[in-house]
Chemist: 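Before anything else, here's the structure in question.
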Amino acid sequence: QVQLVESGGGLVQAGGSLRLSCAASGLIVRTFPMGWFRQAPGKEREFVGVIGMNEGVYYGDSVKGRFTISRDNAKNTVFLQMNSLKPEDTAVYYCAADPSDSYRDPETYTYWGRGTQVTVSS
């Protein structure tokens, strides 16, 4: 059974940083593209970024230059380092695995975590 468990969310002031973790069981993170998404109240789920099997990384335009995705194969965990946070980054952040098509489309992902709340105060 595949499980993805996000952690590391919380409340931070604008300009601050957080690092989210996505610990996987039942799948090996280095063998799947692993994506991060976020969803704010009343908005659609938004692509944050993805790390491919070859460790190539792609980011959404709204986070490019501020967020970094990495992977620790030994811990079977994917990370999302978020710097220079803004109030508009406030959302529930999800990790996901195994997209069947476009990695930017949340509908194509097979496995999802339950999410972790990130709140950025102004």
Side-chain angles (χ1 to χ4, degrees):
Q1 182 179 359
V2 174
Q3 280 195 314
L4 303 176
V5 180
E6 303 94 337
S7 62
L11 174 63
V12 63
Q13 288 189 329
S17 298
L18 282 174
R19 187 173 85 150
L20 306 185
S21 300
C22 172
S25 59
L27 66 78
I28 300 172
V29 296
R30 61 178 170 82
T31 65
F32 291 91
M34 298 292 296
W36 284 97
F37 290 82
R38 66 186 183 185
Q39 189 164 20
K43 294 190 176 181
E44 293 186 351
R45 197 160 291 193
E46 178 188 9
F47 172 73
V48 172
V50 64
I51 183 166
M53 292 177 285
N54 61 357
E55 295 197 88
V57 187
Y58 302 92
Y59 298 99
D61 289 342
S62 61
V63 306
K64 205 172 294 184
R66 299 187 297 123
F67 290 12
T68 303
I69 296 174
S70 62
R71 189 176 71 203
D72 185 328
N73 295 333
K75 296 182 178 179
N76 208 34
T77 298
V78 177
F79 301 99
L80 177 65
Q81 177 67 43
M82 307 186 293
N83 298 329
S84 302
L85 282 162
K86 306 175 182 179
E88 51 264 44
D89 294 318
T90 296
V92 177
Y93 283 71
Y94 300 89
C95 70
D98 192 21
S100 59
D101 197 347
S102 168
Y103 59 80
R104 293 179 179 267
D105 182 355
E107 298 295 325
T108 72
Y109 282 75
T110 304
Y111 305 106
W112 287 88
R114 291 190 171 185
T116 185
Q117 175 71 46
V118 171
T119 303
V120 184
S121 63
S122 56

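Keep in mind that the numbers below use all heavy atoms, side chains included, and drop hydrogens, waters and symmetry copies.
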Chemist: Checking side-chain contact (heavy atoms from CB on, under 4.5 Å) for the pair D98/L27: CA distance, chi angles, key distance, verdict?
Modeler: CA-CA 10 Å; D98 192 21; L27 66 78; 5.9 Å; no
Chemist: Could you measure the distance from the CZ atom of R71 to the OG1 atom of T77? Nearest 0.5 Å is fine.
Modeler: 11.5 Å
Chemist: Near Y59 OH, under 6.0 Å, is it more than 12 heavy atoms from other residues, nucleotides or ligands?
Modeler: yes
Chemist: Within the structure provided, determine whether T90 and Q117 are in side-chain contact (heavy-atom separation under 4.5 Å).
Modeler: yes
Chemist: Do M53 and P33 touch side chain to side chain, with heavy atoms closer than 4.5 Å?
Modeler: yes
Chemist: Given side chains that start at C-beta, do those of Y103 and T108 come closer than 4.5 Å, heavy atoms only?
Modeler: no
Chemist: Roughly how far, to the nearest 0.5 Å, is the OG atom of S25 from the CD atom of Q1?
Modeler: 8.0 Å
Chemist: Quick check: are there more than 12 heavy atoms from other residues, nucleotides or ligands sitting under 6.0 Å from CZ of R45?
Modeler: yes
Chemist: Does the side chain of Y94 reach to within under 4.5 Å of the side chain of L4, using non-hydrogen atoms?
Modeler: no
Chemist: Say you draw a straight line from CD of Q39 to CD of E46; how long is it, rounded to the nearest 0.5 Å?
Modeler: 10.0 Å
Chemist: Atom CD1 of I69 and atom SG of C95: how far apart are they, to the nearest 0.5 Å?
Modeler: 10.5 Å
Chemist: State, yes or no, whether a side-chain contact exists between W36 and L20 at a heavy-atom distance under 4.5 Å.
Modeler: yes
Chemist: Less than 4.5 Å apart, side chain to side chain, heavy atoms only: is that true for V50 and Y109?
Modeler: yes
Chemist: Let me confirm one number: the NZ-CZ distance from K64 to R66, rounded to the nearest 0.5 Å.
Modeler: 12.5 Å
Chemist: Once the angle between the rings of F37 and F47 is folded into 0 to 90°, is it parallel (under 30°), tilted (30 to 60°) or perpendicular (over 60°)?
Modeler: perpendicular
Chemist: Heavy-atom distance under 4.5 Å between the side chains of V63 and R38, does that happen here?
Modeler: yes
Chemist: Taking V57 as the starting point, is it possible to reach F32 by hopping between hydrophobic residues whose side chains are less than 4.5 Å apart?
Modeler: yes
Chemist: Would a distance-only check, ignoring hydrogens and angles, find a side-chain to backbone donor-acceptor pair under 3.5 Å from N76 to V29?
Modeler: yes
Chemist: Do any N or O atoms from the side chain of S102 and from the backbone of R104 form a donor-acceptor pair under 3.5 angstrom?
Modeler: yes
Chemist: Under a 4.0 Å N-O cut-off, is there an ion pair linking K86 with D89?
Modeler: no
Chemist: Membership question, hydrophobic clusters at under 4.5 Å side-chain separation (ILVMFWY): are V2 and M34 in the same one?
Modeler: yes
Chemist: Which value, rounded to the nearest 0.5 Å, describes the distance between S7 atom OG and R114 atom CZ?
Modeler: 14.5 Å
